[in-house]
Amino acid sequence: MKHTHLILLAFCSLFTTLSAQQKTTPVYSDVNIPLEQRVEDALSRMTLEEKVGLCHAQSKFSSAGVPRLGIPDVWMSDGPHGVREEIVWDDWTPAAWGNDSCTAFPALTCLAATFNPILSREYGVAVGEEARFRNKTMLLGPGLNIYRTPMNGRNFEYMGEDPWLSSIMVVPYIQGLQSNGVSACVKHFALNNQETNRDNIDVEVSDRALYEIYLPAFKAAVQKGKAWGIMGSYNQYNGQHCCHNEWLINRILKKEWGFDGVVVSDWGGTHDTKQAALNGLDIEMGSYSNAMPRGKNNSYAFYYLANPFLDLIKKGEIPQSLVDEKARRVLRLIFRTTMSPNRPFGRFVCPDHSQVARKIGGEGIVLLKNQQSLLPIQKNTYKTIAVIGDNATRSLTKAGGSSELKVKYEVSPLQAIKALYGNNKVVYSQGYAAGAFQYGRTTRSTANNDSLLNAAVETARTADVVVYVGGLNKNNGQDCEGGDRTSYGLPFGQEKLLEELAKVNPNIVVVLLSGNAVAMPWLDNVKAVVQAWYIGSEAGNAIVDVLSGAVNPSGKLPFTFPKRLEDNGAMSFGVSSFPGEKGKETYKEDILVGYRWHDTKQIAPQFSFGFGLSYTTFELGKLRASASQFKAGKTIKLSVTVKNTGKVYGAEVVQIYASQQHPSVMRPVKELKAFQKVFLNAGEMKTVSLEVNTNDLAFFDDTKHAWKLEPDTYTLHCATSATDIKSKVDIKIVN
Ligand code: GLC
């Protein structure tokens, strides 16, 4: 009896210990409990001060967790193309660590140019693994602002001029990134379509343009991509800064779209405590608020959402429910990432990541011209290949602003060309000098451009073929954050140089490295043109893969190349339309952005949206639709055969544009509503299936603040670019 009694006693004391332990182990740290329950449990244990502490920066790239409760800080890092080097605690200075040199992936314009959502997923997974390995909670990307004008300094970070292309390409990137337990931070929400006066420019735009052009990709990122973070933009919309804009954040993002993640301000984009508190900002980053002395100790306490916020709550001027909601969202971010039980471990700078970068580069490069099949350059065709241009050797990863990267390696075009064709066959001449990069300004080169030009002409004169590598270079005013371009042509005397080179050698291939369209007065004097973007660590290899034919180019332009700058919609209405005047800017081209403008105004572009050549040829059959009439909400099933009628393996992108025949409002001539990339061996034919949901044919009725699908006849154009329609089919929408 005694023995049993003892066992019983031991059991009871063990149970008491366990249950006592159980009581002190917070529910929020029990990974088996549902996430929302963990959030509420953590919230219930926090003080008011701790909740406010979640809502603002504690350093340049972090915001506080709750150390007392074991809830980790939130660590953020740029950028969309790779994980930025470590920055010191309190300002923009690199920390000069020895272990943070990353893989630079291609700029998102290049990813968009692949028209291949499968690569978006691979991109997101790879860059997410690097961010995870660097223990980041949130990666500050992808960028989604629409390409409205070729002058925008940051277009290279975004996905082009078309909302449908951006909407389809961004979702897998976010899903891939977040599969690593690292949050995306989709940016810059919204209407940040230029760098000039970006901190304050007040954008005026119609509801139709807002909903039909500028918001769709953000909506897809939130509702389909399930983004856990979004970044408010610097500019204003309707007189309120976007980082705390009642309409954009409270009404559209959180109410209409149901966004349950965190709204982060752009760095310095917060301007008012009450607005930040009331209009949905959740974490204030990068402020130098008036009340706060720059860089002083504990200056973060002066942030708008720090002590000033705490004071207003304590005075009862702001309900505590507001800080609870903000804290709830930040805790949700933390439990989705650093405190997630299923968080993978990531990888940093590995062959797989290089392979992804190279593949995306190769599939994103766009062949714009190839007269007499000058390309591809086979290995033993020529005795002498002249490589000319500053961009053939210049590093283009450590530049461009906040998306800059400190890389483990970067293969230049010249290195790769020499490696493939042989040092003894390649001669290089700089041709022009672009000056050294200093963020925010460009130091003028001291080199004498005349002597550089003359030397390059002599090099070209005796070569069998010239590979010219030029373009822009992410210097200030040349595709760089903080400033817009000041001219549409190639800078640093490149136009003159190309003119002179063409006089001495007819076999010129121009390789453009840029994130924007450029004027091409030299186009008729060269035989081939390749748009090669900013590709990052694998730039040289991806470019040579295409030049040599190892990769058959299949990229398509994600934005239009106008012949003249004034042919672009935004650039057709004077300064009030771009870059704005007296602090205001009106998007006067309205919904007619990019090819929508060129189609409607019948202005022939230099190169069309969706355009890209191949080393092979394709033949498309007649587009077929599953029926001739549809009700709202139904899916139109389309099919078309595509045959590779050439001699090499390649890929084509079938694009479906829709037109409404008799709209009650002004609508673009046609709009992209589906696309599908298809890979084919020489001689092979496949049937490509595409779908269009009839609801996607609607326009935004700003009189009713609702989408409207009008019963009418709609034409579905099957195309391989916005100006190359192969066939079409009419369908009716009926009530
Ligand atoms: C910059 C950029 C933003 C970036 C942030 C942090 O000003 O606008 O894209 O993520 O600040 O560097």
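Atoms within a ligand are numbered from 1 in the order they appear, just like the ligands themselves. The first residue in the sequence is number 1, and the count goes up from there.
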Sorted by chain and residue number, the residues with a non-hydrogen atom under 4.0 Å of ligand 1 are F61, D78, R84, W92, L140, R154, K187, H188, R198, M231, Y234, D266, W267, S402, E481
With sequence neighbours left out, the residues meeting salt bridge (Lys or Arg N to Asp or Glu O under 4.0 Å) with E325 are R328, R329
- [ ] Please work out whether the ring planes of H271 and H244 are parallel, tilted or perpendicular, with thresholds of 30° and 60°.
- [x] perpendicular
Would you call D202 and K582 a salt bridge, taking side-chain N to carboxylate O under 4.0 Å as the test? no
Residue pairs passing the side chain to side chain donor-acceptor pair (under 3.5 Å) test with at least one member in residues 52-62, sequence neighbours excluded, are Q58-S62, Q58-D73, S59-S62
Hits for side chain to side chain contact (heavy atoms under 4.5 Å, CB included) against V171, two or more places apart or cross-chain, chain-then-number order -> Q175, A220, K224
query = Is any side-chain heavy atom of L54 less than 4.5 Å from a side-chain heavy atom of S63?
reply = no
